[in-house]
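Written out below as structure tokens is the structure these notes cover.
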Amino acid sequence: MLYLDRNENNYGPAPACFEVLRTSDLTQLSWYDRSFTRGIQGVLSERLASDFGIPEDRVVLGYGAENILKQTVRCYLRPGETLLVPAYSWWYYRKIASEVGGRSVEYPMVQGEDRFSYDLPGLLEVAVREQPSIVFISSPNNPTGNSLDVGDLRSALARLRSSVVVLDEAYVFHTRTDYVRDLVQEYPNLIVVRTFSKYFALAGARIGFALLGSNLGILATHMHRYLGYHRLSEGLALAALDSPGYYKEIAEKMERDKLAYYAELGSIPGWRVFRSDANFVLAEIPAGCGEKLQHYLLEREIAVKFMAEPLLRSHVRITLGTTEENGRVIDAIKAFRP
Ligand code: PMP
């Protein structure tokens, strides 16, 4: 089965990651990492702090971004309080709010001809009305693929001073650190969440991290691990960070393959493919043909995600695979007769 339904990276981790596992001295696993004697959490938080130019105690590590998002909600959302989420967004945001008795309220996102975009005035209007404890912004957003540019993000942050703002950057397809450093320095209520799951192709190693604004010390206390992080995962993450060329090449291939998706699937009558900054594309397909297409693709051992949300009933989200896999998907869909 070709899995293109969970936004993983089918190119696999960098060769240096394989080397980490081949050369790891497993006897080391008998012991805790002794980084705490140096007053830090571990080698990965130290490296990320240095890469992003922020203090090590404002870096948190988690079992995937998933874990960090959940801990953040548990830390800052009381029963009956409000979490704002984009109208189209990862279902998990609402789930973790409901787990603590919080309310999720949606803010609008605009569906344009060939792309989705954030609606800044719409977001701020809902924020003024709802006085949320937490605002989630996902950039690029899952499943719509659009980003919020840094200028608009600054405008939003300037007006959201009394909420914790969570910027979920799980899908950034670059390793830029400069604007993140500036933002967490300027906005004490901001948390930027990233992961090694997507760009770095390490979803199974479950490594996420976040950079915290200076007012979020309670979350840091809540999440810091005195006895260290997972030592093998740290090694994998460091090897990935040391392989920028490998990942840049993959990102470039994916950018080219997205153009093929826009052109090829976009020219099928009734199909619309939305521009994406992430490793997946969202397409609107002719109403009523979803079930048949799903069956047809599964017969050809291709799994993509058929959306089931109220606003996205005729939409399919396709994770980018390797160039060869993408060609296979495009050919299969072009040969489909509803
Ligand atoms: N954020 C978004 C928007 C996601 O779609 C996902 C995974 N589906 C995650 C975060 C979680 O990523 P992970 O836990 O693998 O780091």
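Both ligands and their constituent atoms are indexed starting at 1 by order of listing. The structure presented is a predicted model; accordingly, all values stated were derived computationally and were not measured.
Figure legend: cation-pi geometry between R194 and F209 absent, as NZ or CZ is not positioned both under 6.0 Å from the six-membered ring centre and within 45° of its axis. Within the cation-pi definition used here (under 6.0 Å to the ring centroid, within 45° of the axis), R34 does not qualify as a partner of F36.
In the hydrophobic clustering of ILVMFWY residues, with side-chain heavy atoms under 4.5 Å counting as a link, Y11 and V172 come out together.
Residue Y171 touches ligand 1 through its side chain alone, judged by heavy-atom distances below 4.0 Å. Residue A65 touches ligand 1 through backbone and side chain together, judged by heavy-atom distances below 4.0 Å.
With contacts defined as side-chain heavy-atom distances shorter than 4.5 Å, the pair P86/E106 does not qualify.
Under a 4.0 angstrom heavy-atom cut-off, D168 registers as being in contact with ligand 1. Remark: distances from the non-hydrogen atoms of F196 to ligand 1 are all 4.0 Å or more.
Shown in contact with T195 at under 4.0 Å from a heavy atom are these atoms of ligand 1, numbered in order with element: 13 (P), 16 (O). Numbered from 1 in the order shown, with element, the atoms of ligand 1 that lie under 4.0 Å from a heavy atom of K198 read 7 (C), 8 (N). Close approach to Y93 involves these atoms of ligand 1, each under 4.0 Å from a residue heavy atom: 3 (C).
The closest protein non-hydrogen atom to atom 10 (C) of ligand 1 is W90 CZ3, 3.3 Å.
At most 12 heavy atoms of other shown residues, nucleotides or ligands fall within 6.0 angstrom of atom CD in E249.
Side-chain contact of N141 with T144: a donor-acceptor pair under 3.5 Å is present, judged by distance alone. One side chain, N7 or T319, offers a donor N or O that lies under 3.5 Å from an acceptor on the other.
Distances between N or O atoms of A170 and those of ligand 1 include no value under 3.5 Å. Inclusion of Y63 in the set of residues having an N or O under 3.5 Å from an N or O of ligand 1 is not warranted. Taking distance alone, with nitrogen or oxygen atoms compared against 3.5 Å, R206 approaches ligand 1 more closely than that limit.
Using a distance-only test at 3.5 Å, with no hydrogens or angles considered, a donor-acceptor pair links the side chain of S139 to the main chain of L148.
The closest non-hydrogen atom to atom 5 (O) of ligand 1, taken over N142, L69, V193, comes from N142.
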